[in-house]
Amino acid sequence: MPKIKFLPHAEICPEGETIEVESGVTICEAALEHGIEIEHACENSCACTTCHVIVREGFDSLEESDELEDDMLDKAWGLEPESRLSCQAEVADEDLVVEIPKYTINMVSENH
């Protein structure tokens, strides 16, 4: 089974964490199942950018993002070439190293 290593994030997982997951689950689903509370304001429907992550290792093992995800990612804070919406990126057979950005844009919690 592949593993996802989440790099330390001051609020969400200060020590970082490595979890073992089934292939085919999304990064977001895997994180939430293991108590890593990635924001997901749209309930995993690819309608916001709150679950934006940067895949530091294993990026090429993920299926390519589709046009809808790319359009949403364009609105994400701190976008990088290895950025994905964790609700859309399904784990394949390769281990991943994932960084949760320091900031996210959440229009609901920010009262916009």
Original post:
Out of Lys5, His9, Arg56, which one pairs with Glu99 under the side chain to side chain donor-acceptor pair (under 3.5 Å) rule?
Top reply: Arg56

Subject >> Pairwise distance CG(Leu68) to OG(Ser45) - rounded to 0.5 angstrom >> reply: 9.0 Å

Original post:
Which atom pair, heavy atoms only, marks the closest approach of His40 to Cys28?
Top reply: CB-SG, 4.0 Å

Subject >> Residue pair Ser83 / His52, side-chain donor-acceptor N/O under 3.5 Å >> reply: yes

Original post:
Which pairs count as salt bridge (Lys or Arg N to Asp or Glu O under 4.0 Å) when at least one residue sits in residues 19-28, sequence neighbours excluded?
Top reply: none

Original post:
Which salt bridge (Lys or Arg N to Asp or Glu O under 4.0 Å) pairs, counting each pair once, include a residue from residues 81-91, with sequence neighbours left out?
Top reply: Glu69-Arg84

Original post:
Counting only heavy atoms not in Asp66, do more than 12 sit closer than 6.0 Å to its CG atom?
Top reply: yes

**OP:** Starting from Val21, walk the hydrophobic network (Ile, Leu, Val, Met, Phe, Trp, Tyr; side-chain heavy atoms closer than 4.5 Å) and list everyone else you reach, by chain and number.
**Re:** Ile4, Phe6, Ile12, Ile19, Val25, Ile27, Ile36, Ile38, Val53, Val55, Phe59, Leu62, Val91, Leu96, Val98, Ile100

Original post:
Which atoms form the tightest heavy-atom contact between Ser61 and Gly58, and what is the distance?
Top reply: OG-O, 2.6 Å

Subject >> Rounded distance [0.5 Å steps], OG in Ser65 versus CE in Met72 >> reply: 13.0 Å

Original post:
Is there a donor-acceptor pair closer than 3.5 Å between any side-chain N or O of Thr26 and the backbone N or O of Ala89?
Top reply: no

Subject >> Main-chain N/O of Pro2 paired with Asp95 side-chain donor or acceptor, under 3.5 Å >> reply: no

Original post:
Which atom pair, heavy atoms only, marks the closest approach of Thr50 to Ala41?
Top reply: OG1-N, 2.9 Å

**OP:** Considering non-hydrogen atoms only, spot the tightest contact between Ser23 and Ala92 and give its length.
**Re:** OG-O, 2.7 Å

**OP:** Any chance you could measure Glu39, atom CD, to Cys87, atom SG, to the nearest 0.5 Å?
**Re:** 12.5 Å

Subject >> Contact check, side chains of Leu73 and Thr49, non-hydrogen atoms, under 4.5 Å >> reply: no

Original post:
Can you name the closest pair of heavy atoms from Cys46 and Gln88 and give their distance?
Top reply: CB-NE2, 3.4 Å

Subject >> Rounded distance [0.5 Å steps], OG1 in Thr18 versus NE2 in His34 >> reply: 11.0 Å

**OP:** Considering non-hydrogen atoms only, spot the tightest contact between Ile54 and Pro101 and give its length.
**Re:** CD1-CG, 4.3 Å

